[in-house]
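Here is the structure we will look at.
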Amino acid sequence: MQTVLKGPSTEVVIGPDEPIVMIGERINPTGRKAFSAELQAGDLSRIPRDAVAQAEAGATVLDVNVGAASVDEVALLPRAVQMVQDAVDLPVCLDSPNPAALAAALKVVRGRALINSVNGESDKLAAVLPLVAEYGAAVIALCMDDSGIPATPEARLAVAEAILEQAQALGIPPEDVVFDPLVMAVGADHTAGATTLATAHLIRERLGSNMTAGASNASHGMPEREVLNTVFLALLAQAGVNAPICNPLKNGLAVRAIDLMMGHDEWGGAYIKAYRTLQKREAQSS
Ligand code: THG
């Protein structure tokens with residue numbers, strides 16, 4: 001199953017035999033005080049810099065989230081998307097809980113976007129799936145519904161199956177639904193990582209769908225987050241998560257290492273290229 005995303009003139013394919021697609025997470029005010037303050041003041045100047053830096057570090061899709069407290073996402077998300085696609089020729093992942101903001105951004109998207117996200121809640125399905133169908137976009141579907149985040153992998157799979165059915169009723173094909181098995185912090189529940197991994201294995205086996213995951217969510221509140229994030233990315237990849245949302249500036253080389261070890265990087269060319277890029281960046285900053 002292949003999910004095809006498009007930028008202004010590029011195409012990115014998510015699939016089980018493809019190299020991992022890194023969805024760059026940095027354009028997001030969560031945990032970034034300066035960026036939050038800038039967004040609140042309507043200052044988007046950091047966005048093109050963050051876009052270029054992530055693209056250079058190997059991201060091939062960029063998540064765009066402008067959800068700082070009290071910002072008007074309906075006005076800001078489309079502006080942010082335009083700035084990202086003026087700076088880099090990549091597909092965008094529109095990250096907002098607000099369907100009106102998603103609709104406004106879809107109007108200005110060049111190419112074929114990934115909508116982040118829908119879930120199994122009836123209101124969400126009714127608001128977001130018609131946008132996916134209307135704009136011919138792809139969508140991330142979170143494995144949760146009106147009763148919250150299911151505790152077991154089997155219950156998360158059941159939510160995924162229900163979402164697929166609703167999507168198909170609107171003519172959205174299964175390859176355009178990218179599932180998120182949901183990553184919670186291991187600092188709050190030490191079994192959270194295991195539950196995510198078991199869910200991903202089930203989805204891969206039963207549905208064959210492509211998957212994303214917010215890999216860095218798992219490490220919140222823990223020391224040496226990078227170690228946890230890197231290890232988790234490898235385990236997620238093994239479980240079938242082939243389009244993680246992550247920080248390419250930190251995880252770029254590790255992701256290419258995972259591809260090489262999984263046999264998805266002929267002659268290690270992409271790994272070596274990522275290594276050289278990192279060397280260059282380190283030389284520039286020293
Ligand atoms: N699933 C889906 N979408 C998502 C998530 C998910 N979007 C948002 C989030 N989770 C993924 N994005 C981030 C972005 C930043 C961080 C984690 C996940 C992060 N930031 C640092 C912090 O908060 O400490 C600080 C940022 C910095 O300065 O680098 O950890 O799960 N579908």
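Hydrogens, waters and symmetry mates play no part in the numbers below; they use all other heavy atoms, side chains included. Here the structure is a predicted model, which is why all the values come from computation and not from measurement. Every number for a ligand or one of its atoms is a count from 1 in the order of the listing.
- No more than 12 heavy atoms of other residues, nucleotides or ligands sit less than 6.0 Å from atom OH of Tyr275.
- Heavy atoms of Leu142 come nearer than 4.0 angstrom to ligand 1 in at least one pair.
- The shortest N or O to N or O distance between Asp180 and ligand 1 is under 3.5 Å.
- For the residues Thr30, Asn217, Ile140, Ile23, the heavy atom positioned nearest atom 9 (C) of ligand 1 is part of Asn217.
- At distances below 3.5 Å, not a single donor-acceptor pair connects side-chain atoms of Gln54 with backbone N or O atoms of Leu62.
- With Asn116 contributing its side chain and Cys93 its backbone, the two residues share no donor-acceptor pair below 3.5 Å.
- When atom types are taken as modelled, the side chain of Arg206 and the backbone of Glu161 share no donor-acceptor pair closer than 3.5 angstrom.
- Formation of a donor-acceptor pair under 3.5 Å by the Gln40 side chain with backbone atoms of Ala69 is found in this model.
- The contact set between ligand 1 and Gly31, taken as ligand atoms under 4.0 Å from a residue heavy atom, comprises 23 (O), 25 (C).
- Atoms of ligand 1 lying under 4.0 Å from at least one heavy atom of Gly214, given by number and element, are 6 (C), 31 (O).
- In this structure, the side chain of Arg281 engages the main chain of Leu249 through a donor-acceptor pair within 3.5 Å.
- In this structure, the protein non-hydrogen atom closest to atom 11 (C) of ligand 1 is Ile245 CG2, 3.9 Å.
- Ligand 1 has no nitrogen or oxygen under 3.5 angstrom from a nitrogen or oxygen of Ser216.
- To the nearest 0.5 angstrom, Asp189 atom CG is 3.5 Å from Thr191 atom OG1.
- Distances from atom 24 (O) of ligand 1 to the heavy atoms of Lys250, Arg225, Met184 show the closest one on Arg225.
- Among the atoms of Asp95, some N or O lies under 3.5 angstrom from an N or O of ligand 1.
- Using modelled atom types and a 3.5 Å distance limit, the side chains of Asp180 and Thr212 yield no donor-acceptor pair.
- Of all protein heavy atoms, the one closest to atom 13 (C) of ligand 1 is Glu25 OE1, 3.5 Å.
- Distances between N or O atoms of Asp63 and those of ligand 1 include no value under 3.5 Å.
- Residue-level proximity to ligand 1 for Arg32 is carried by the side chain, the only part with a heavy atom below 4.0 angstrom.
- Of all atoms in ligand 1, listed by their number and element, those nearer than 4.0 Å to a heavy atom of Asn28 are 8 (C), 12 (N), 14 (C).
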